[in-house]
Colleague: 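If you scroll down you'll find the structure; I have some questions about it.
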Amino acid sequence: MTLLRVHLTSSLPTSPPALADLLLSLSAARSLPKGQQLHARLLKSGFLSSPAAAFRPLSNHLITFYARCGLPLHSRDAFDDSPSPRPPAAWSSLLSALAQNGLPLLAITAFRSMLLAAVPPSDRSLPSAAKAAAAISSPFLACSLHALALKTPFTDDVFVASSLVDMYAKSALLPQARRLFDLMPHRNVVSWSAMIYGYAEAGLETDALQLFKMALAELEPPGVNDFTFSCVIRVCSTATLLELGSSVHAHCFKTSFDSSPFVGSSLISLYSKCGLVEEAYELFDRMPERNLGAWNAILIASAQHGHTHAAFDRFHQMKAAGFAPNFITFLCLLTACSHAGLVDEGKRYFALMSEHGIEPGAQHYAAMVDLLSRAGRITEAVAFIEEMPIEPTESVWGALITGCRIHKDADTAAYAAAKLFETGSSSSGAHMLLSNAYAAAGRYADAARTRKAMRDQGVRKETGLSWLETAGKVHTFVSGDRVHPRSDEIYAVLAEVGERMERAGYVPDTSHVLRDVGGEEKLAAIWYHSERLAIGLGLLVVPEGQAIRVMKNLRVCVDCHTAIKCLSKCTGRTIVLRDNNRFHRFEDGVCSCGDYW
DNA sequence: ATAGGGTTAG
């Protein structure tokens, strides 16, 4: 429509309104070359430096135009070129340009300049300032900005208040966010979503879900939207609440929001994280519109389920579809390589990053160390760390210790742990990793000493948990526990299946029990590991022909892995077990990880 | 003639 008018070389409109119109249409089309051409001609004509009121909007449109094209610094130049004093609208446009294009510090600086120029904060500028403050995530800045907003007549404005709620939530000040939210006289989807997102991000899943239900009840039609849905689905996927997640999916379907690429991406992640990778694939293949997040979500699904070559294929399809991979894409690929022990492929993808203009970050280095050391190339991993151009992080050293544990290299593990503690970390993970590495190498005294050091520092070991969802309820188990109401039946079914397994030739392997205890005790310790109890419940409640899906927060031990393979053969059941790193699908005596994990 | 929220990894 309006685009047909754009023939800049021939005739240029001369009336300010016509020029403004032209700029707006270029903005909408994000047509950078034509816009820049027009900018040059406007500069030559002197329109931009004219103090006449009729020409003022032109500068504003230019600021917005460059913001739309993702060039916030050009927006700032356009602002700087406009004659002083700048109208409030110019400031608002500038703030929006900077805040929306990832330059929050510059946005806050500009906001200060605005205040110094005696332009009062308004319902237009405050939301942008709040967005910038949210990105900076400083509690002090958040409080100052709120205090400033309280002195304006706009505190009850939905835009202002919503953006302040979002700012507090992203500055890890959830109580303040909620207080402000509760005080709002009017709330809309954005206010609700900002609050739900804050709870989700903080791991307060119950609060997030409760608020979601309230939003459904309180919002006038059309009610919640794609953003709200994707937040809530994300909550379901981190908590692996498949049944709740599916009901939210049904709701998305009814409201047609399931065609949103944002909603689709979070649904892919939900099904994948709950162990239903086939559903995730099907969903992806049927998506009417895919974006980068959707491609990454499906890559993650393939990687976590050990479908390594499917991940590689998707990567090529993604590039063929015209999507530029980002840093997450490469994390997925490196994870996929690590899960399959494909060292050379991993190195190739790592090298490929720079070709795509992506600087490897600490996480990529950690993934490479994970890949090398899991594959047994400990010396190479150490050399790789030494050559890193950035300071190795906690997770880099952690990845090395994990590899050392698997390959029983206690000395390198101790070296890595010492380095890890130098980074100032005191997380229980590091101590446990080292202790386990010692135990794996048979150095029980060192293992005990490490655990004691950990206790002395007041660090608690993370308890091993497994859980299983059935009939909308999550059942959680710890090793050897008899708390579950159906405990007797669970132990009985495990004993019965255990006999069948032993007849089929299964011999319990206690060599990996990490504490130096007697034989009997070792046997009991592994037979009632939390994942086996959860599987026991699964045998009782999950209908035949349906996979038993169990989640675990720690790595599955070697004996449980062997036992579950055998159990799948003896019972004819499929067991999907998610540990802290990946998925295992046990079917007919074999595991999808190929015993490499 | 200007304004607020975002997927995916860990």
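The chains referred to below are lettered A, B, ... by the order of the sequence lines, with proteins before strands, and numbering in each begins at 1. Being a predicted model, the structure only gives us computed values, none of them experimental.
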Colleague: NA contact type, Ser266(A), heavy-atom cut-off 4.0 Å: base, sugar-phosphate, or nothing?
Modeller: sugar-phosphate
Colleague: Who pairs with Trp597(A) by ring pair (Phe, Tyr, Trp, His ring centres under 6.0 Å), at least two apart in sequence or on another chain?
Modeller: His561(A), His584(A)
Colleague: Would you jot down, in residue-number order, the residues of residues 314-323 of chain A having a non-hydrogen atom under 4.0 Å from DNA chain B?
Modeller: none
Colleague: Can you give me every donor-acceptor pair (side chain of residues 210-218 of chain A, partner residue at least two apart or in another chain, under 3.5 Å) with its distance?
Modeller:
none

Colleague: Nucleotide range of DNA chain B contacted by chain A, 5' to 3', under 4.0 Å to a heavy atom?
Modeller: dA1(B) to dG10(B)
Colleague: Give a yes or no on whether the ring-centroid distance for Trp295(A) and Phe315(A) is below 6.0 angstrom.
Modeller: no
Colleague: Using a 4.0 Å heavy-atom cut-off, does Ala294(A) contact any base of the nucleic acid, only the sugar-phosphate backbone, or nothing at all?
Modeller: base
Colleague: Where the side chain of Ser137(A) meets the backbone of Ala133(A), is there a donor-acceptor pair that is under 3.5 Å apart?
Modeller: no
Colleague: Who passes salt bridge (Lys or Arg N to Asp or Glu O under 4.0 Å) against Arg234(A), sequence neighbours left out?
Modeller: Glu201(A)
Colleague: For Asn326(A), which contact category applies under a 4.0 Å heavy-atom criterion: base, sugar-phosphate, or nothing?
Modeller: nothing
Colleague: Does a side-chain heavy-atom distance below 4.5 Å link Pro392(A) with Leu400(A)?
Modeller: no
Colleague: Measure from the ring center of His249(A) to the ring center of Tyr271(A) and say whether it is less than 6.0 Å.
Modeller: yes
Colleague: Over all strands shown, is Asp166(A) touching base, sugar-phosphate only, or nothing at heavy-atom distances under 4.0 angstrom?
Modeller: sugar-phosphate
Colleague: Considering only heavy atoms, which members of residues 81-96 of chain A lie under 4.0 Å from some atom of DNA chain B?
Modeller: Ala89(A), Ser92(A), Ser93(A), Ser96(A)
Colleague: Under 4.0 Å, heavy atoms only, any strand: does Ile300(A) hit a base, just the sugar-phosphate, or nothing?
Modeller: sugar-phosphate
Colleague: Using only heavy-atom distances, determine whether the side chains of Arg179(A) and Tyr168(A) contain a donor-acceptor pair under 3.5 Å.
Modeller: no
Colleague: Find which nucleotide of DNA chain B each of Ser193(A) and Pro57(A) is nearest to by heavy atoms, and output the residue with the more 5' nucleotide.
Modeller: Pro57(A)
Colleague: Hey, can you tell me if Phe350(A) and Tyr365(A) have their rings parallel, tilted or perpendicular (30° and 60° cut-offs)?
Modeller: perpendicular
Colleague: State whether Arg314(A) and Asp285(A) are salt-bridged, where the test is any N-O pair (Lys NZ or Arg NE/NH1/NH2 against Asp/Glu carboxylate O) under 4.0 Å.
Modeller: yes
Colleague: Under a 3.5 Å distance rule, please check whether Asn553(A) uses its side chain to pair with a backbone N or O of Thr463(A) as donor and acceptor.
Modeller: yes
Colleague: Could you check whether Glu201(A) gets within reach of a base, just the sugar-phosphate, or nothing at all, counting any heavy atom under 4.0 Å?
Modeller: nothing
Colleague: When we call it a touch if two heavy atoms are under 4.0 Å apart, what does Tyr197(A) touch: a base, just sugar-phosphate, or nothing?
Modeller: sugar-phosphate
